[in-house]
Amino acid sequence: MAEQFRLQSILDLSVTRMDEAARALAALMASEQDNTRKLDMLEQYRNEYQGQFMAAARSGLTPNQWSNYRAFLARIDDAISHQQRQVERSRDLAQAGQREWLDTRTRVKAFETLSDRHHEGVARKQARAEQRVNDDRSGRQVNDD
């Protein structure tokens with residue numbers, strides 16, 4: 001019977017953790033993309049609204065209309081600033097998730113290398129044992145003749 005790789009449970013646990021890290025990374029990247037998309041939409045909306053404001057200003061605005069346009073642009077700018085911070089946070093989290101995944105993958109690769117070496121050693125032992133058996137059989141056949 002072949003020798004069991006003593007670190008197999010650790011290898012299995014490492015693979016599980018790597019899979020979990022990959023799922024977490026995918027979620028973090030999706031969140032980053034979603035936040036970026038929201039930021040793009042806000043910036044586009046601001047540009048459109050500012051265009052409307054400029055067109056209305058050329059046609060003439062009352063002081064109250066002017067104030068309303070400016071106040072709304074300020075609120076949009078605040079929302080854009082908030083969303084930019086969200087994008088930065090989600091980008092930082094995605095980068096941390098990527099580092100975590102890379103670290104777990106490195107551990108898995110190390111344990112897989114150890115496992116491969118173990119299995120190769122077991123295979124060499126089995127091959128030597130089979131060769132000894134074959135040599136013994138050959139020797140007995142020569143002596144029997």
Side-chain angles (χ1 to χ4, degrees), residues 1-58 61 65-145:
M1 186 167 126
E3 285 182 46
Q4 178 70 23
F5 177 54
R6 283 185 251 142
L7 300 176
Q8 187 62 45
S9 59
I10 296 173
L11 172 59
D12 294 342
L13 180 61
S14 295
V15 168
T16 300
R17 287 185 177 158
M18 182 180 69
D19 292 344
E20 291 169 356
R23 282 190 289 280
L25 176 57
L28 290 169
M29 290 173 71
S31 176
E32 179 186 357
Q33 290 172 348
D34 185 50
N35 283 322
T36 300
R37 198 170 23 258
K38 287 177 184 176
L39 176 60
D40 291 343
M41 287 173 44
L42 280 170
E43 288 173 340
Q44 181 182 0
Y45 181 71
R46 189 207 189 282
N47 289 336
E48 290 172 4
Y49 192 79
Q50 185 172 9
Q52 292 173 2
F53 170 65
M54 297 304 282
R58 282 190 287 276
L61 290 172
Q65 289 173 319
W66 183 271
S67 177
N68 287 341
Y69 269 110
R70 298 297 303 158
F72 192 68
L73 279 172
R75 284 196 298 270
I76 293 172
D77 288 340
D78 287 344
I80 287 172
S81 293
H82 174 75
Q83 193 61 34
Q84 285 170 333
R85 288 189 300 276
Q86 285 293 107
V87 167
E88 289 171 16
R89 265 193 297 271
S90 63
R91 186 171 295 132
D92 290 344
L93 289 172
Q95 288 173 351
Q98 185 174 22
R99 284 189 301 274
E100 175 67 23
W101 176 77
L102 287 170
D103 289 346
T104 58
R105 187 182 74 161
T106 300
R107 272 185 241 117
V108 166
K109 295 286 185 195
F111 284 118
E112 284 176 342
T113 299
L114 290 174
S115 177
D116 291 345
R117 288 179 186 164
H118 168 78
H119 292 299
E120 289 167 2
V122 168
R124 279 192 304 274
K125 284 180 187 176
Q126 287 174 342
R128 282 194 300 266
E130 288 174 15
Q131 186 63 46
R132 275 192 297 268
V133 169
N134 289 336
D135 290 347
D136 287 345
R137 281 188 194 143
S138 297
R140 274 184 283 198
Q141 286 177 353
V142 169
N143 290 337
D144 290 341
D145 290 339

Do you know the tightest heavy-atom contact between Arg70 and Phe53?
-> CD-CZ, 3.6 Å
Hey, what do you get for OG1 (Thr16) to CG (Leu11), rounding to the nearest 0.5 Å?
-> 9.5 Å
Judged by modelled atom types alone, do Arg89 and Gln86 share a side-chain donor-acceptor pair under 3.5 Å?
-> yes
Looking at Arg23 and Asp19, does any basic side-chain N land under 4.0 Å from a carboxylate oxygen?
-> no
Find the distance between NZ (Lys109) and OG1 (Thr104) and round it off to the nearest 0.5 Å.
-> 11.0 Å
Quick one: does Ser138's side chain have a donor or acceptor within less than 3.5 Å of a partner on Asn134's backbone?
-> yes
Compute whether any side-chain donor of one residue and acceptor of the other, for Gln8 and Asp12, lie under 3.5 angstrom apart.
-> yes
Scanning both residues in full, the closest heavy-atom pair of Tyr69 with Ala56 reads OH-CB, 3.8 Å
How about Glu3 and Lys125: do any of their side-chain heavy atoms sit closer than 4.5 Å?
-> yes
Has the side chain of Ser115 got a donor or acceptor atom that lies under 3.5 Å from a matching backbone atom of Phe111?
-> no
Go through Lys38 and Asp34 one step at a time and tell me if the salt bridge (charged side-chain N to carboxylate O under 4.0 Å, His left out) criterion holds.
-> CA-CA 6 Å; Lys38 287 177 184 176; Asp34 185 50; 3.4 Å; yes
Can Arg37 and Asp40 be counted as an ion pair, charged N to O under 4.0 angstrom?
-> no
CD (Glu43) and CD (Gln50) are apart, to the nearest 0.5 Å, by 12.5 Å
Of the non-hydrogen atoms in Ala57 and Trp66, which two are nearest, and what is the gap between them?
-> CB-CZ3, 3.8 Å
Could you go through residues 75-82 and list every donor-acceptor pair under 3.5 Å that involves a side-chain atom there, pairing it with any protein atom two or more places apart or in another chain?
unit_1	atom_1	unit_2	atom_2	d
Asp77	OD1	Arg46	NE	2.3
Asp77	OD1	Arg46	NH2	3.4
Asp77	OD2	Arg46	NH2	3.2
Ser81	OG	Asp77	O	3.2

Would you please name every residue forming a salt bridge (charged side-chain N to carboxylate O under 4.0 Å, His left out) with Arg91, sequence neighbours left out?
-> Glu32
Rounded distance [0.5 Å steps], CD in Gln33 versus CG in Asn35 | 10.5 Å
His118 side chain to Arg6 main-chain N or O, any donor-acceptor pair under 3.5 Å?
-> no
For Phe72, ring-ring contact (aromatic ring centres under 6.0 Å, His included) partners two or more places apart = Tyr49
From Glu100 atom CD to Met18 atom CE, the distance as rounded to the nearest 0.5 Å | 12.0 Å
After noting the C-alpha distance and the side-chain angles of Gln131 and Asp135, does the key distance pass the side-chain hydrogen bond (donor to acceptor under 3.5 Å, both in side chains) rule?
-> CA-CA 6 Å; Gln131 186 63 46; Asp135 290 347; 2.9 Å; yes
Any idea which heavy atoms bring Leu114 and Leu7 closest together, and the distance?
-> CD1-CD1, 4.0 Å
In this structure, CG of Leu25 is separated from CD of Glu20 (nearest 0.5 Å) by 13.5 Å
